[in-house]
Undergrad: 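Attaching a single structure in structure tokens format; questions to follow.
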Amino acid sequence: QVQLVESGGGSVQAGGSLRLACAHAGLRDSYSTYCMGWFRQAPGKEREVVASVYTARSITYYAESVKGRFILSQDNANYTLHLQMNNLKPEDSAMYYCAAARRYDGSWSLTSSHAYDYWGQGTQVTVSS
């Protein structure tokens, strides 16, 4: 059974940094065949993609709003996907979710929450001005 467990959220001031982690031990070495993504959802807003990666083809996607500030990285030894978030802004405040998709269907898999089969419980990020 696939389980995704997020951690690393918290409260920071604008300009600060946080590093989110998504433990996906259930995927083991097959994680590279999954499309993995970080999404976020603020109150009253739709869930949106933050960043995603398809390791099998070395494809990474970042939303325009986070390009240059957020970085995805994979800890292969510990089956963990990290999201390093720098220069945080109040508009980054949201619940952040890790997700995994069994299939890669091009750009849709990288950007649409509907492409994802498994979701973590979320971790809250709050950025104050």
Side-chain angles (χ1 to χ4, degrees):
Q1 184 175 354
V2 176
Q3 287 189 325
L4 306 174
V5 181
E6 303 99 332
S7 62
S11 297
V12 296
Q13 290 190 327
S17 298
L18 285 173
R19 189 181 190 215
L20 304 185
C22 172
H24 54 79
L27 296 177
R28 294 292 175 178
D29 292 327
S30 65
Y31 77 88
S32 63
T33 66
Y34 284 69
C35 193
M36 303 289 297
W38 282 98
F39 290 77
R40 66 186 181 188
Q41 187 167 19
K45 294 188 176 182
E46 293 188 356
R47 189 169 296 189
E48 62 177 3
V49 65
V50 176
S52 54
V53 58
Y54 183 49
T55 304
R57 295 188 187 178
S58 300
I59 299 172
T60 305
Y61 171 87
Y62 292 96
E64 284 297 324
S65 59
V66 306
K67 275 185 181 178
R69 300 189 297 125
F70 290 12
I71 302 171
L72 279 173
S73 63
Q74 185 73 247
D75 178 351
N76 296 328
N78 294 298
Y79 301 106
T80 302
L81 178 69
H82 291 282
L83 181 67
Q84 177 67 43
M85 306 188 296
N86 301 319
N87 190 22
L88 283 161
K89 304 175 180 181
E91 52 263 42
D92 294 318
S93 297
M95 184 70 80
Y96 282 69
Y97 298 91
C98 178
R102 290 191 299 264
R103 291 179 52 177
Y104 176 73
D105 289 323
S107 60
W108 182 69
S109 294
L110 293 170
T111 59
S112 174
S113 62
H114 299 290
Y116 288 77
D117 305 291
Y118 307 102
W119 292 85
Q121 81 288 351
T123 186
Q124 180 67 41
V125 172
T126 303
V127 185
S128 58
S129 58

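We count residues from 1, following the sequence as given. All values derive from a computational prediction rather than experimental measurement.
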Undergrad: Do Val66 and Arg40 come close enough that some side-chain heavy atom pair is under 4.5 Å?
TA: yes
Undergrad: Determine the minimum heavy-atom distance between Pro90 and Ala14, stating which atoms define it.
TA: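 Looks like CD-CB, 4.1 Å.
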Undergrad: I'd like to know if the side chain of Thr111 reaches the main chain of Ser107, judged simply by a donor and an acceptor atom lying under 3.5 Å from each other, with no hydrogens or angles considered.
TA: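 Yes, the answer is positive, given that a donor and an acceptor are paired below the 3.5 Å cut-off.
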Undergrad: If you take all heavy atoms of Ala42 and Ala94, which pair is closest and at what distance?
TA: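 So the two residues come closest at N-CB, 3.9 Å.
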Undergrad: Could you report the tightest heavy-atom contact between Gly9 and Leu18, atom names first, then the distance?
TA: C-CD1, 4.5 Å
Undergrad: Which value, rounded to the nearest 0.5 Å, describes the distance between Leu72 atom CG and Leu83 atom CG?
TA: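 The distance works out to 5.5 Å.
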Undergrad: Hey, are the side chains of Leu81 and Tyr31 touching, using non-hydrogen atoms and a 4.5 Å cut-off?
TA: no
Undergrad: Do the non-hydrogen side-chain atoms of Trp119 and Arg47 ever get within less than 4.5 Å of each other?
TA: yes
Undergrad: Any luck finding a side-chain donor-acceptor pair between Tyr62 and Arg69 under 3.5 Å?
TA: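 No pair is found: no donor N or O on one side chain lies under 3.5 Å from an acceptor on the other.
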Undergrad: Can you check side chain to side chain contact (heavy atoms under 4.5 Å, CB included) on Val125 and Met85, steps first, answer last?
TA: CA-CA 10 Å; Val125 172; Met85 306 188 296; 3.8 Å; yes
Undergrad: Ignoring hydrogens and geometry, is there a side-chain-to-backbone donor-acceptor pair from Thr80 to Ala23 under 3.5 Å?
TA: no
Undergrad: Roughly how far, to the nearest 0.5 Å, is the CG atom of Asp75 from the NE2 atom of His24?
TA: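 Going from NE2 on His24 over to CG on Asp75, the span is 8.5 Å.
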Undergrad: Just do the side chain to side chain contact (heavy atoms under 4.5 Å, CB included) check on Val2 and Asp117 with the steps written out, would you?
TA: CA-CA 10 Å; Val2 176; Asp117 305 291; over 6 Å; no
Undergrad: Give the minimum heavy-atom separation between Cys35 and Ser109, together with the two atoms involved.
TA: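 It is SG-O, 3.6 Å.
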Undergrad: If every non-hydrogen atom of Tyr61 is compared with every non-hydrogen atom of Leu110, which pair is closest and at what distance?
TA: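 Scanning both residues, the minimum pair turns out to be CD2-O, 3.9 Å.
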Undergrad: Out of curiosity, Phe70 CZ to Ser65 OG, how far, rounded to the nearest 0.5 Å?
TA: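 It is 7.5 Å, given to the nearest 0.5 Å.
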Undergrad: Can you see which heavy atom on Ala101 is nearest to which on Tyr116, and at what distance?
TA: N-CD2, 3.6 Å
Undergrad: Please tell me whether Tyr97 and Met36 are part of a single hydrophobic cluster in this structure, the criterion being side-chain heavy atoms less than 4.5 Å apart.
TA: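 Different clusters: Tyr97 never reaches Met36 through Ile, Leu, Val, Met, Phe, Trp or Tyr contacts under 4.5 Å.
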Undergrad: According to a hydrophobic-cluster definition based on side-chain heavy atoms being under 4.5 Å apart (Ile, Leu, Val, Met, Phe, Trp, Tyr only), do Tyr118 and Val50 belong together?
TA: yes
Undergrad: Establish whether Trp38 and Leu88 are linked, either directly or via other cluster members, by ILVMFWY side-chain heavy-atom contacts under 4.5 Å.
TA: yes
Undergrad: Measuring only between side-chain heavy atoms, which start at C-beta, is Gln41 closer than 4.5 Å to Phe39?
TA: no
Undergrad: Hey, does Arg102 have a side-chain heavy atom less than 4.5 Å from the side chain of Tyr34?
TA: yes
Undergrad: Could you tell me the separation between the NE2 atom of His82 and the SG atom of Cys98, rounded to the nearest 0.5 Å?
TA: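 His82 atom NE2 to Cys98 atom SG measures 11.0 Å (nearest 0.5 Å).
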Undergrad: Atom NZ in Lys89, atom OG in Ser129: separation rounded to 0.5 Å?
TA: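 Between Lys89 NZ and Ser129 OG, I get 13.5 Å after rounding to 0.5 Å.
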Undergrad: I want to check something: taking the side chain as every heavy atom from C-beta on, are Val12 and Ser17 in contact at a cut-off of under 4.5 Å?
TA: no
Undergrad: Taking the side chain as every heavy atom from C-beta outward, state whether Tyr104 and Thr33 have any atom pair closer than 4.5 Å.
TA: no
Undergrad: Counting C-beta onward and ignoring hydrogens, is there a side-chain heavy-atom pair between Val53 and Ile59 closer than 4.5 Å?
TA: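 Contact flag for Val53/Ile59 side chains = no.
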Undergrad: To the nearest 0.5 Å, tell me how far Leu4 CG sits from Gln121 CD.
TA: 9.0 Å
